Amino acid sequence: MNIFRFAGDMTHLISVLVLLLKIYATKSCSGISLKTQELYALVFLARYLDLFTDFISVYNTVMKIVFIMSSLSIVWCMRMHPMVRRSYDKELDTFRHYFLIAGCLLGALLVHEKFTFQEIFWAFSLYLEAVAILPQLVLLQRSGNVDNLTGQYVFFLGAYRALYILNWIYRYFTEKHFGRWISCISGLVQTALYGDFFYYYFISWKNNAKLQLPA
Amino acid sequence: DSDDEQHDEL
């Protein structure tokens, strides 16, 4: 464990807590893409298949359970909670995310570390995580104004993967055979997708103005 | 070593 990875995990945890706060405090999920949340639930379920088979550390197990439970509860809230589901921007959240799932599954079958069930789902989860934010970014551009909590949610979500890239660079130089190219390349793509959001987020923060994404 | 096999990152 290194400081970049720990900071990345904490930033990721903060992003989930900010989203939970927004939904429970405002009883609203306006501006949040249900499709992105469903993709993230799938990412965690596919990646943490080893939750009960490989014990790495208490920290690792606890965090996996937290991420799985939080992502499933957000999806449940947005689908089933009577108050929250009413504020879901159903007509704006129209990204066809099933194509992302199919594409990543195909990609995982073609490019993986080992042709085993767990490794293919692990690669699938990394590819899917890289593109999972797309429905959310499309929804933000369509809905124009971004409320603070949603903006912070997306910002922390992007920052966590950027910190992981520092972690991979650090591990590359400190561990003799660190070759997780699938993680690194997926992580780079993932962070790049946040590029324009980060730019507009920084501009709005600098001008102390509301975050406006160009339509 | 086994560390490389196991995915120790979240």
Side-chain angles (χ1 to χ4, degrees), chain A residues 1-2 4-13 16 43-44 46-51 53-57 59-68 71 112-114 116 118-119 121-123 125-126 129 160-161 163-165 167-168 170-171 175-184 186-187, chain B:
Chain A
M1 173 62 83
N2 59 65
F4 302 115
R5 193 164 118 212
F6 183 70
D9 289 341
M10 289 305 108
T11 307
H12 194 187
L13 183 63
V16 167
V43 164
F44 293 131
R47 189 174 307 173
Y48 302 151
L49 292 173
D50 62 349
L51 178 62
T53 55
D54 299 343
F55 177 79
I56 291 168
S57 71
Y59 169 81
N60 186 274
T61 302
V62 167
M63 292 296 278
K64 285 178 177 177
I65 293 170
V66 165
F67 284 135
I68 288 176
S71 60
H112 42 262
E113 285 192 2
K114 274 185 304 189
T116 65
Q118 188 161 326
E119 281 302 321
F121 272 85
W122 182 74
S125 80
L126 280 168
E129 187 186 4
Y160 120 79
R161 214 58 178 163
L163 287 164
Y164 251 77
I165 290 170
N167 152 65
W168 289 320
Y170 176 84
R171 293 189 78 174
E175 293 173 19
K176 49 192 176 304
H177 56 73
F178 176 73
R180 285 202 182 79
W181 304 117
I182 292 182
S183 307
C184 296
S186 312
Chain B
D1 60 349
S2 78
D3 175 54
D4 207 20
E5 295 312 305
Q6 273 183 335
H7 297 302
D8 61 344
E9 293 180 347
L10 287 172

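Reckoned from all heavy atoms, side chains included, excluding hydrogens, waters and symmetry mates. Below, read A as the first sequence line, B as the second, and so on, with proteins coming before strands; counting in each chain starts at 1. Everything numeric in this text was worked out from a predicted model, so none of it was measured.
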Per-residue contact mode, A:Asp9 against chain B (heavy atom under 4.5 angstrom) =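 Contact with chain B: side chain only.
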
With the side chain counted from C-beta on, respond yes when B:Gln6 and A:Ile56 share a heavy-atom pair under 4.5 Å apart, and no when they do not.
->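 Yes; the side chains approach each other to less than 4.5 Å.
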
Would A:Arg47 and B:His7 count as a side-chain contact (heavy atoms from CB on, under 4.5 Å) if you check the C-alpha gap in whole Å, the side-chain angles of each, and the deciding distance to 0.1 Å?
-> CA-CA 9 Å; A:Arg47 189 174 307 173; B:His7 297 302; over 6 Å; no

Which residues share a ring pair (Phe, Tyr, Trp, His ring centres under 6.0 Å) with A:Tyr48, sequence neighbours left out |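 Result, ring pair (Phe, Tyr, Trp, His ring centres under 6.0 Å) vs A:Tyr48: A:Phe44.
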
Residue list, side chain to side chain donor-acceptor pair (under 3.5 Å) with A:Arg161, at least two apart or on another chain |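 Only A:Gln190 meet the side chain to side chain donor-acceptor pair (under 3.5 Å) criterion with A:Arg161.
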
If you count heavy-atom pairs under 4.5 Å with chain B, which of A:Tyr164, A:Tyr59, A:Trp122 comes out on top?
->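 Between A:Tyr164, A:Tyr59, A:Trp122, the count favours A:Trp122.
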
